[in-house]
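Within every chain, numbering begins at 1; the chains are lettered A, B, ... in the order of the sequence lines, protein sequences first and strands thereafter. What you see is a predicted model, and the numbers here were worked out from it, not measured in a lab.
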Amino acid sequence: MIALQRLRDDPDGVKRDIARKGEPPDVVDRLLAADARRRELEATANELRARRNAGNRQLGELIRTQRRAEAEALKAELANVSIEVDAMTGGLRDIEESIEHDLLLVPNPPHASVPDGRGAEENPVVREWGERRAEGSSAPHWEIGERLGLFDLERGAKLAGSGFVLYTGVGARLQRALIGFFIDLHLERHGYREVWPPFVVNAASARGTGQLPDKEGQMYVVERDGLYLVPTAEVPVTNIYRDEILPAGELPLNVVAYTPCWRREAGAAGRDTRGLLRVHQFEKVEMVKLVRPETSYDELERLTRDAEEAVEALELPYRTVERCGGDVGFAQAKGYDLEAWAPGVGKWLEISSCSNYTDFQSRRMNIRYRDTADARPELVHTLNGSGLALARTVAALLETHLQPDGSVRVPAALRPHLGGLEAIR
RNA sequence: GGAGGGGUGGCCGAGCGGACGAUGGCGGCGGUCUUGAAAACCGCUGAGGUGCAAGCCUCCGUGGGUUCGAAUCCCACCCCCUCCGCCA
């Protein structure tokens with residue numbers, strides 16, 4: 001959620017910025033008009049309430065001193081004031097609701113450094129790492145997986161439906177190994193704290209990170225209990241500090257967590273349906289940062305490096321792209337995607353997305369910090385990034401490390417997590 | 001799932017219809033005293049809105065209701081605790 005204050009201070013700048021994301025700017029003018037009206041109404045309602053409060057104090061005094069006639073007269077007058085106050089607050093509430101509603105339609109303006117562009121195909125490549133295998137020099141991961149008995153897509157579909165994967169044997173152990181490897185890496189090398197959150201959240205949490213109301217259709221819902229299966233660990237982890245004021249000394253707060261991620265992928269029917277490229281449940285280790293505002297763009301670079309190191313440790317050639325204006329998410333000010341090369345399917349696979357949300361989420365969640373005991377609380381900046389998402393990482397890993405003899409080489413860094421296994425065969 | 005108890009400021013805890021944004025204690029900050037510290041003593045110490053400011057307004061789990069007036073009474077919901085049942 002954007003600050004109303006920012007719209008008042010610089011309406012034209014905000015309009016220009018959100019246009020870069022391809023959002024229509026007229027909502028800004030509508031909001032400013034409603035805001036002016038609200039402040040007017042509030043001033044009047046305020047005066048009325050002040051009158052009522054003062055009158056009530058006076059009435060209490062009259063009753064205590066037994067001045068009955070005066071008390072009755074005042075009481076009658078105050079009853080009328082109360083009716084007026086009620087009418088006023090009713091009108092106020094309507095206008096506040098409309099402001100609240102419109103405010104949620106305004107995206108986070110992209111940072112000045114974000115490149116122009118309409119969509120993902122225009123994202124500039126900022127870094128590329130590793131020597132990628134020629135397209136076709138490998139095999140699609142579903143062939144490798146089936147041959148080596150690593151996962152069973154048909155039985156996964158039998159259990160839960162198409163897009164749900166049953167990992168088997170070494171494939172199952174590989175899931176566990178990757179989760180452990182990623183958490184340990186960020187814990188031991190990058191200084192993150194580990195948490196293990198609930199894998200479902202309530203509506204307030206889903207609202208906090210912006211899954212509700214915008215992306216409701218993407219989540220699996222447990223209607224009976226009012227719970228949502230998490231689409232990413234970002235949701236429970238960022239919400240840990242919802243409605244709290246953190247001591248400045250706690251910042252930056254770096255947290256790493258594993259969760260399964262459930263996504264309905266509504267609207268993506270027919271896209272990437274084979275193999276592990278687009279599934280309804282995948283495992284992901286996520287990094288979340290709560291930081292001081294002036295450091296958030298530096299922290300984004302650091303976060304992105306932390307994710308990149310995870311890919312490099314798996315010896316997977318990848319590239320880092322910066323999301324252009326048209327591809328930066330609604331709630332984000334700036335972000336990078338990490339794309340691993342999958343030579344079997346001949347595609348770059350998005351295996352991490354690292355973003356700075358500035359104060360857009362923290363305003364919604366009311367997460368603040370306080371510098372000194374007498375300072376006003378300020379909103380933190382929130383960031384998150386995958387480190388990494390498993391299903392696609394597994395796809396890239398199988399296709400990249402496939403050997404001529406049909407086995408898959410296990411990258412050295414992963415071996416301790418697989419009981420020393422050097423090759424899957 | 002059943003029965004009871006409870007949600008008040010950073011924490012503990014009082015208030016149970018009018019002078020209460022809320023006594024008191026702890027913690028924190030500032031000061032006096034001290035060579036320094038501790039102790040003692042004094043003062044300050046919730047968040048938000050609006051305003052140049054004084055101030056005014058809102059918030060006592062959440063939402064409704066009763067009343068001229070609600071932290072206080074009524075209803076619903078949420079959360080926590082205790083006991084019983086069930087259970088990995």
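- Atom CD of A:E244 and atom P of B:G48 are 15 Å apart (whole Å).
- For the P atoms, the distance from B:U23 to B:C75 is 29 Å, rounded to whole Å.
- If you check every strand for non-hydrogen atoms under 4.0 Å, A:N53 touches sugar and phosphate atoms only.
- Nucleotide B:A3 has B:U82 as its partner under the Watson-Crick or G-U criteria, with both atom distances under 3.5 Å.
- The base-pairing partner of B:U23, taking Watson-Crick or G-U wobble contacts with both distances under 3.5 Å, does not exist among the strands shown.
- Map A:G55 and A:R38 each onto its nearest nucleotide of RNA chain B; the residue landing nearer the 5' end is A:G55.
- Residue A:R363 is out of contact with every strand shown, counting any heavy-atom pair closer than 4.0 Å.
- Across B:C77 and B:C87, the matching P atoms stand 28 Å from one another, rounded to whole Å.
- Here A:R51 does not reach the OP1 or OP2 of B:C56: none of its side-chain N or O atoms lies under 4.0 Å away.
- Rounded to whole Å, the distance from NZ on A:K75 to C1' on B:U66 is 13 Å.
- Atom-to-atom, CG of A:D243 to C1' of B:G48 comes out at 13 Å; the value is rounded to the nearest Å.
- Remark: the separation of the C1' atoms in B:C16 and B:G69 is 16 Å, to the nearest Å.
- As the counterpart of B:C59, B:G46 is assigned, both hydrogen-bonding distances of the Watson-Crick or G-U wobble pattern falling under 3.5 Å.
- Of the options A:N46, A:V81, A:V85, a side chain to side chain contact (heavy atoms under 4.5 Å, CB included) to A:R51 is made by A:V81 and by none of the others.
- Taking atom C1' in both B:A47 and B:C83, one finds a spacing of 38 Å when rounded to whole Å.
- Atom CG in A:L379 sits about 14 Å away from atom P in B:A47, given to the nearest Å.
- The side chain of A:R52 places no N or O atom within less than 4.0 Å of a non-bridging phosphate oxygen (OP1 or OP2) of B:G18.
- Between B:G69 and A:S82, a contact under 4.0 Å exists linking OP1 or OP2 to a side-chain N or O.
- With B:C57, B:G69, B:A47 as the choices, the nucleotide that has an atom nearest any side-chain atom of A:N56 turns out to be B:G69.
- Rounding to whole angstrom units, CG of residue A:L74 and P of B:C68 are separated by 12 Å.
- Separation of the P atoms belonging to B:C33 and B:A37 is 12 Å when rounded to the nearest angstrom.
- Here the separation of B:G13 from B:U8, taken at their P atoms, is 9 Å to the nearest Å.
- Partner assigned to B:A38 is none, using Watson-Crick or G-U wobble distances below 3.5 angstrom.
- Within the 4.0 angstrom heavy-atom criterion, only backbone atoms of the sugar-phosphate kind lie near A:R368; the bases stay farther away.
- In this structure, A:F164 and A:H280 have tilted ring planes: the angle between them lies in the 30° to 60° band.
- Under the Watson-Crick and G-U wobble criteria, each requiring two contacts below 3.5 Å, nucleotide B:U72 is left unpaired.
- Using a 4.0 Å heavy-atom criterion, one finds that A:E42 contacts the sugar-phosphate atoms exclusively.
- When ring centroids are compared, A:H381 and A:Y357 stay outside the 6.0 Å threshold.
- No salt bridge links A:R278 with A:E350; every basic N to acidic carboxylate O contact stays at or beyond 4.0 Å.
- Nucleotides B:C79 and B:C74, compared at atom P, are 22 Å apart to the nearest Å.
- A straight line from CG of A:L78 to P of B:G18 spans 17 Å, rounded to a whole angstrom.
- The nearest pair of heavy atoms linking A:R264 to A:M219 is CD-O, 3.0 Å.
- Classified by interplanar angle (parallel below 30°, tilted 30° to 60°, perpendicular above 60°), the ring pair A:H186/A:Y192 is perpendicular.
- If A:I63 and A:I245 are placed on RNA chain B by their nearest nucleotide, the residue sitting closer to the 5' end is A:I63.
- The pair A:R67-A:E61 fails the salt-bridge criterion, with no side-chain N (NZ, NE, NH1 or NH2) lying under 4.0 Å from an Asp/Glu carboxylate O.
- Going from atom CZ of A:R57 over to atom P of B:C56 covers 8 Å, rounded to whole Å.
- Both distances falling under 3.5 Å, in either a Watson-Crick or a G-U wobble arrangement, occur for no nucleotide opposite B:A14.
- Among B:A19, B:G48, B:U50, the nucleotide with an atom closest to any side-chain atom of A:R39 is B:U50.
- Aromatic ring orientation, A:Y258 versus A:W196: tilted (interplanar angle from 30° to 60°).
- Backbone-only engagement by A:R49 is indicated by non-hydrogen atom pairs under 4.0 Å involving sugar-phosphate atoms exclusively.
- B:G25 sits 10 Å from B:C41 when the P atoms are compared, rounded to a whole Å.
- The distance between atom CE of A:M88 and atom P of B:G49, rounded to the nearest whole Å, is 21 Å.
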